[in-house]
There are 2 protein chains.
Amino acid sequence: MQADSATAPEFSPRQNAVLSQALRLLVDGGEKALTTAGVARAANCSKESLYKWFGDRDGLLSAMIAFQASKVRTFERDGERLTVPGLQDHLEVFAKDLLDVLSGDVSLALNRLAVGQASRDGSKLGRLLMEHGRRQIDRRARALIDAGRRAGLLAFDDGEEAYRTLYGLIVSDLHVRMLLGDHPETDFSQRAERAVRAFLKLHGTAKTLAEAGLTAA
Amino acid sequence: MQADSATAPEFSPRQNAVLSQALRLLVDGGEKALTTAGVARAANCSKESLYKWFGDRDGLLSAMIAFQASKVRTFERDGERLTVPGLQDHLEVFAKDLLDVLSGDVSLALNRLAVGQASRDGSKLGRLLMEHGRRQIDRRARALIDAGRRAGLLAFDDGEEAYRTLYGLIVSDLHVRMLLGDHPETDFSQRAERAVRAFLKLHGTAKTLAEAGLTAA
DNA sequence: CTCGATAAGTACCGTACGGTACGGTTCGTG
DNA sequence: CACGAACCGTACCGTACGGTACTTATCGAG
């Protein structure tokens with residue numbers, strides 16, 4: 001499953017700078033503030049160039065998503081033999097990273113944008129966002145819990161389902177609340193810790209439960 | 001269950017009909033389709049009346065949320081002694097109801113609307129939606145798991161946190177995916193069942209685990 | 001029947017946005 | 001130097017929307 005195929009985004013430095021300014025506008029003022037004239041002004045370029053580079057407004061939005069996704073590279077940890085504390089730690093780091101990503105200004109702004117357009121464009125932006133924005137971090141988590149199972153530390157039938165469980169335990173309704181403009185707790189560490197503990201209690205093997213001290217919790 | 005407090009929306013029948021038409025427009029065509037002229041045309045009323053009744057466009061949007069919330073009354077089950085199968089069943093019914101509500105056309109459209117406005121109006125609509133739309137169903141679940149604890153079937157320290165866990169297990173990222181335009185699985189029953197099983201495994205007492213057959217799962 | 005209130009229907013206004021066209025400027029290349 | 005491509009800045013166009021004003025019609029009260 002070669003990822004790329006159609007999409008070879010790779011914009012020029014100048015275009016990247018423009019996209020960066022566009023993201024800034026979007027974060028600051030929401031979709032309403034993201035006008036072609038505004039982007040051109042903020043980026044010191046002409047509207048004509050915008051249309052030459054990105055086709056139309058939708059093309060600009062898509063490019064913004066691709067650009068942002070290209071910046072959020074996540075490292076893939078592997079190799080090293082997994083121990084129970086190691087797995088727990090890795091899961092907690094993942095959980096905190098996930099929460100940090102989801103609560104980021106740009107992420108929230110782009111998600112709001114895509115949600116707003118979902119009824120209109122046949123969810124083109126939404127698909128783009130789910131594809132580009134989540135694939136990386138999803139794969140990282142999937143690799144981690146698969147490794148946990150191979151090491152005999154986790155037990156589950158369906159890895160995808162186990163991951164969805166982990167995701168739900170970590171995020172719950174936090175993402176939607178933030179999208180709606182709420183600013184809930186900011187103690188992501190505690191939240192991550194609790195979520196991982198619950199996940200291990202659900203999918204940890206006897207060995208894991210014993211070593212993590214979850215047998216009598 | 002009097003909804004109490006500040007808000008006594010209570011629009012006239014005529015206004016309710018207008019709001020209903022407005023919701024229909026919103027569901028069908030998204031926010032872009034929800035123009036004052038369009039609502040007036042669809043509801044056979046004049047724009048002037050719209051402005052007299054609802055003040056301005058934002059007032060209309062708020063009224064739409066209040067109107068929809070007033071229609072989604074949820075019954076509160078109580079009394080009857082809780083057994084393990086009873087609790088499990090009630091939880092599954094709740095989970096399915098929650099999924100049905102979140103995946104409803106009108107709910108999704110209103111959530112998209114509020115998300116789209118979140119950057120603009122200081123999340124006024126978002127707060128309205130979280131307040132009106134969720135309070136009812138939240139209370140129902142809270143009452144249920146509190147009753148479960150009182151009956152010695154559930155164990156947890158913080159009821160709110162336990163509820164968030166349940167919510168995350170049920171919904172995971174489904175809500176956001178749907179808001180983004182994705183149409184994932186529709187087998188809510190299986191999803192509800194799995195979520196409840198996980199929740200009981202996390203927060204069930206020994207008695208519950210034994211009776212629900214979760215000790216060796 | 002008359003009066004006043006309510007509201008439908010329509011015409012109108014200002015504004016703002018997406019998209020296009022054009023003149024002027026920079027800069028790389030032969 | 002000369003030429004052309006890329007591009008900035010701006011002016012422009014058509015359209016669509018939010019909001020207001022005005023005319024007409026319905027209807028209940030006296």
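Just so we're on the same page: letters track the sequence lines, and every chain starts at 1. Side chains included, hydrogens not; waters and symmetry mates left out as well; all remaining heavy atoms used.
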Next on the checklist: Can you tell me how the ring of B:H203 sits relative to the ring of B:F199, calling it parallel under 30°, perpendicular over 60° and tilted otherwise?
Outcome noted: tilted
Item to check | Below 4.0 Å: OP1/OP2 of D:dG18 and any side-chain N or O of B:T36 | outcome: yes
Checklist outcome for this item: With the side chain defined as heavy atoms from C-beta on, A:Y51 is closest, among C:dA7, C:dT20, D:dG18, to C:dT20
Checklist entry - When you measure from the side chain of A:S49, which nucleotide among D:dC8, D:dT20, C:dG19 comes out closest? => result D:dC8
Checklist entry - Do A:M64 and A:F54 come within less than 4.5 Å of each other through their side chains, counting heavy atoms only? => result no
Item to check | Separation of atom CG in A:L34 from atom P in C:dA16, rounded to whole Å | outcome: 17 Å
Item to check | Nearest-nucleotide pick for A:D56, side chain only, options being D:dC17, C:dG18, C:dG19 | outcome: C:dG19
Next on the checklist: Measuring from the side chain of A:T35 (C-beta onward, heavy atoms only), which nucleotide among C:dA8, C:dG18, D:dG18 has the closest atom?
Outcome noted: C:dG18
Checklist entry - Got a second to check how far B:S49's OG is from B:Q15's CD, nearest 0.5 Å? => result 9.5 Å
Next on the checklist: Quick check on D:dC7: is either OP1 or OP2 less than 4.0 Å from any side-chain nitrogen or oxygen of A:W53?
Outcome noted: yes
Checklist entry - Is it true that B:K52 and B:E48 have a side-chain N and a carboxylate O under 4.0 angstrom from each other? => result no
Item to check | Positions of residues 39-48 of chain A (non-hydrogen atom under 4.0 Å from DNA chain D), listed by number | outcome: A:N44, A:C45, A:S46, A:E48
Checklist entry - Knowing that exactly one of B:D138, B:L166, B:V93, B:I170 qualifies, which makes a side chain to side chain contact (heavy atoms under 4.5 Å, CB included) with B:L98? => result B:I170
Item to check | Note: B:R191-B:D187 ion pair, threshold 4.0 Å (strictly below) | outcome: no
Next on the checklist: Which nucleotide wins on minimum distance to the side chain of B:K52, given the candidates C:dC17, D:dT20, C:dA7?
Outcome noted: C:dA7
Checklist entry - Checking side chain to side chain contact (heavy atoms under 4.5 Å, CB included) for the pair B:L169/A:L202: CA distance, chi angles, key distance, verdict? => result CA-CA 11 Å; B:L169 287 171; A:L202 283 176; 4.3 Å; yes
Item to check | Within residues 12-33 of chain B: residues closer than 4.0 Å to DNA chain D (heavy atoms) | outcome: none
Checklist entry - Without hydrogens or angle criteria, can the side chains of B:E185 and B:Q190 be said to hold a donor-acceptor pair below 3.5 Å? => result no
Checklist entry - Charged N to carboxylate O under 4.0 angstrom, B:D100 versus B:K96? => result yes
